[in-house]
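To keep things clear, I will list the structure first and then write my remarks on it.
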Amino acid sequence: MNAFVTWFENLIRSTAWTMEIPKSYGAFHLTFTLVGFAVCAVLAWKLRNLGDAGHRRLLRGIGIYLLAAEVYKQFFCYIVYGGYQWGEFPFQFCSIPMYLCFIASFLKPGKVTEGMYHYMLTFNLLGGFVAFLEPSGLLHEYVTMTAHSLIWHMLLVFVGLYLGFSKRTSWEWRRYRTAEFTYLILAAVAFCINLAFWNISNGDINMFFIGPRNCPLIVFNSIAESCGWYVASLLLIFSISLGAFLVFLPFHFVKKHVAEKQQA
């Protein structure tokens with residue numbers, strides 16, 4: 001057993017290829033972002049009419065990839081960085097599609113899957129997009145961790161666009177409410193995780209950045225320091241909800257226009 005552990009640790013360490021951290025808005029970051037967004041948009045549009053079987057296979061394949069990538073990341077962080085990294089606990093805001101893609105691929109159409117689809121269309125598309133606007137969390141000193149983060153968040157963009165272009169999401173306002181309800185439930189779960197692991201993590205855990213640890217995000221960190229983490233958390237939840245609503249708007253108006261044109 002010890003021999004296997006040693007072999008496995010050496011295997012993971014052998015993938016810890018160092019690199020110069022790419023500059024935010026440098027050539028690499030901008031090229032990957034622009035090309036990646038274009039590829040995601042084209043593929044999402046071409047796949048928008050997938051049948052049910054193909055749709056399920058697509059979501060399941062993405063879910064399996066994300067789960068496998070997350071397992072690798074957890075081992076990498078534990079072995080290479082030395083000890084468990086509570087900031088990498090697998091229930092971050094952008095971790096959720098890992099679960100939803102896999103689970104939704106087995107569910108029949110209904111309110112639960114609608115909530116999942118509209119959540120990924122709005123909140124996770126927002127998360128993927130914002131991550132490339134402020135890429136400090138994507139660009140690392142290790143090749144595999146940089147590749148992991150870039151591919152992960154680009155898949156969030158792809159899944160959001162794919163669901164937005166497909167007929168599996170609707171334009172009605174009530175559909176956004178299902179996404180918002182899903183987000184609030186997930187935020188509540190994230191907060192409970194923060195409380196449950198608060199002592200064992202020595203206060204390092206902060207899923208969804210909603211406390212009790214102060215939010216590290218710019219602006220919200222200053223608010224937390226001056227007004228308290230709970231004020232910053234409520235404002236963050238409101239801001240993310242507003243951002244997701246703005247993401248929903250163009251899909252709402254375009255799909256509404258198409259629906260009205262088909263009925264005319």
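Residue numbers start at 1 and run along the sequence shown. Heavy-atom basis, side chains included; hydrogens, waters and symmetry copies ignored.
- For Phe91, the CZ atom counts as densely surrounded, since its 6.0 Å shell holds more than 12 non-hydrogen atoms of other residues, nucleotides or ligands.
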(message) As a quick check of understanding, evaluate side chain to side chain contact (heavy atoms under 4.5 Å, CB included) for Leu184 and Ile237, giving each step before the final call.
(response) CA-CA 8 Å; Leu184 293 177; Ile237 290 172; 4.0 Å; yes
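- One hydrophobic cluster holds both Leu246 and Phe123 under the rule that ILVMFWY side chains link at heavy-atom gaps under 4.5 Å.
- Across all non-hydrogen atoms, the minimal contact from Ala179 to Thr122 is CB-OG1, 3.5 Å.
- Side-chain atoms of Ser226 come within 3.5 Å of backbone atoms of Ile223 as a donor-acceptor pair (strictly under, hydrogens ignored).
- Between Glu114 and the choices Arg175, Arg168, Lys108, the salt bridge (charged side-chain N to carboxylate O under 4.0 Å, His left out) rule is met once, by Arg175.
- Note that CG of Asn221 is 11.5 Å distant from CG of Leu236, once rounded to the nearest 0.5 Å.
- Val159 has its side chain out of reach of Pro97: every pair of non-hydrogen atoms, C-beta onward, lies at least 4.5 Å apart.
- Side-chain atoms of Ser201 come within 3.5 Å of backbone N or O of Trp198 as a donor-acceptor pair.
- One distance of note links CG of Leu163 with CE of Met116; it measures 12.0 Å at 0.5 Å rounding.
- In the hydrophobic cluster analysis, where Ile, Leu, Val, Met, Phe, Trp and Tyr join through side-chain heavy atoms closer than 4.5 angstrom, Phe28 is grouped together with Tyr142.
- How far OG of Ser95 is from CG of Leu156: 9.0 Å, rounded to the nearest 0.5 Å.
- Under a 3.5 Å cut-off, the side chain of Thr33 and the backbone N or O of Leu30 do not form any donor-acceptor pair.
- Distance alone, capped at 3.5 Å, is enough to place a donor-acceptor pair between the Tyr25 side chain and the Leu133 backbone.
- The two residues Leu121 and Gly160 come nearest to each other via the heavy atoms CD1-O, 3.4 Å.
- Shown are Pro216, Ser233, Pro212; of these, the side-chain contact (heavy atoms from CB on, under 4.5 Å) with Asn206 is made only by Pro216.
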Tabulate below the donor-acceptor pairs under 3.5 Å that side-chain atoms of residues 76-90 make, not counting sequence neighbours, or state none.
residue : atom : partner : partner atom : Å
Tyr84   : OH   : Gln74   : OE1          : 3.0
Gln85   : NE2  : Gly83   : O            : 2.8
Glu88   : OE1  : Lys73   : NZ           : 2.7

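- Using a 4.5 Å heavy-atom threshold, the side chains of Ile62 and Phe158 count as touching.
- For the side-chain contact (heavy atoms from CB on, under 4.5 Å) with Phe165, the qualifying choice from Arg48, Lys46, Lys255 is Arg48, the only one to do so.
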(request) Before giving the answer on side chain to side chain contact (heavy atoms under 4.5 Å, CB included), spell out for Phe181 and Thr178 the whole-Å C-alpha distance, their side-chain angles and the decisive distance to 0.1 Å. (result) CA-CA 5 Å; Phe181 182 67; Thr178 64; 5.6 Å; no
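- Linking Ile, Leu, Val, Met, Phe, Trp and Tyr residues whenever their side-chain heavy atoms come within less than 4.5 Å leaves Met145 and Met19 in two separate clusters.
- The six-membered or imidazole ring of His118 lies away from that of Tyr183, with a centre-to-centre distance of 6.0 Å or more.
- Side-chain contact between Phe93 and Val130: absent, with no pair of heavy atoms (C-beta onward) separated by less than 4.5 Å.
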(request) Would you sort out whether Leu50 and Ser166 count as a side chain to side chain contact (heavy atoms under 4.5 Å, CB included), showing the intermediate values? (result) CA-CA 8 Å; Leu50 271 181; Ser166 76; over 6 Å; no
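- Leu161 and Val42 fall into different hydrophobic clusters, defined by Ile, Leu, Val, Met, Phe, Trp and Tyr side-chain heavy atoms under 4.5 Å apart, directly or through other members.
- Scanning all heavy atoms of the two residues, the minimum distance from Phe220 to Cys215 falls at CB-SG, 3.7 Å.
- When side chains are defined from C-beta on, Tyr65 counts as touching Leu155, because their heavy atoms get closer than 4.5 Å.
- The 12-atom threshold is not exceeded at CZ of Phe75, counting heavy atoms of other residues, nucleotides or ligands nearer than 6.0 Å.
- Contact check for Ile96 versus Tyr119: side-chain heavy atoms found under the 4.5 Å cut-off.
- Between Leu67 and Met98, some side-chain heavy-atom pair lies under the 4.5 Å cut-off.
- No side-chain heavy atom of Asn214 sits under 4.5 Å from any side-chain heavy atom of Phe209.
- Note: Tyr176 and Phe245 meet the aromatic proximity criterion, with ring centroids under 6.0 Å apart.
- With rounding to the nearest 0.5 angstrom, the OG atom of Ser105 is 11.5 Å from the CZ atom of Arg57.
- In the hydrophobic clustering of ILVMFWY residues, with side-chain heavy atoms under 4.5 Å counting as a link, Ile151 and Val71 come out together.
- For the atom pair OG (Ser241) and CG (Leu126), the distance works out to 9.5 Å, reported to the nearest 0.5 Å.
- Listed for the Trp152 side chain is a donor-acceptor partner under 3.5 Å among the backbone atoms of Cys94.
- Sequence neighbours left out, the pairs with a member in residues 2-17 that pass side chain to side chain donor-acceptor pair (under 3.5 Å) are Thr15-Tyr72.
- The two residues Thr31 and Ala27 have their closest heavy-atom pair at OG1-O, 2.7 Å.
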Using atom types as modelled, flag every donor-acceptor pair under 3.5 Å from a side chain in residues 185-196 to any protein atom, sequence neighbours excluded.
residue : atom : partner : partner atom : Å
Asn194  : OD1  : Met207  : N            : 2.7
Asn194  : ND2  : Ala190  : O            : 3.4
Asn194  : ND2  : Met207  : O            : 3.2
Asn194  : ND2  : Gly211  : O            : 2.8

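- Here CG of Leu100 is found 10.0 Å from CG of Leu107. Values are rounded to the nearest 0.5 Å.
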(request) In sequence, state the C-alpha distance, the side-chain angles, and the governing distance for Leu59 and Phe102, and then conclude on side chain to side chain contact (heavy atoms under 4.5 Å, CB included). (result) CA-CA 6 Å; Leu59 288 187; Phe102 187 74; over 6 Å; no
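- With His55 contributing its side chain and Leu47 its backbone, the two residues share no donor-acceptor pair below 3.5 Å.
- Among all heavy-atom pairs drawn from His153 and Leu138, the shortest one is ND1-CD2, 3.2 Å.
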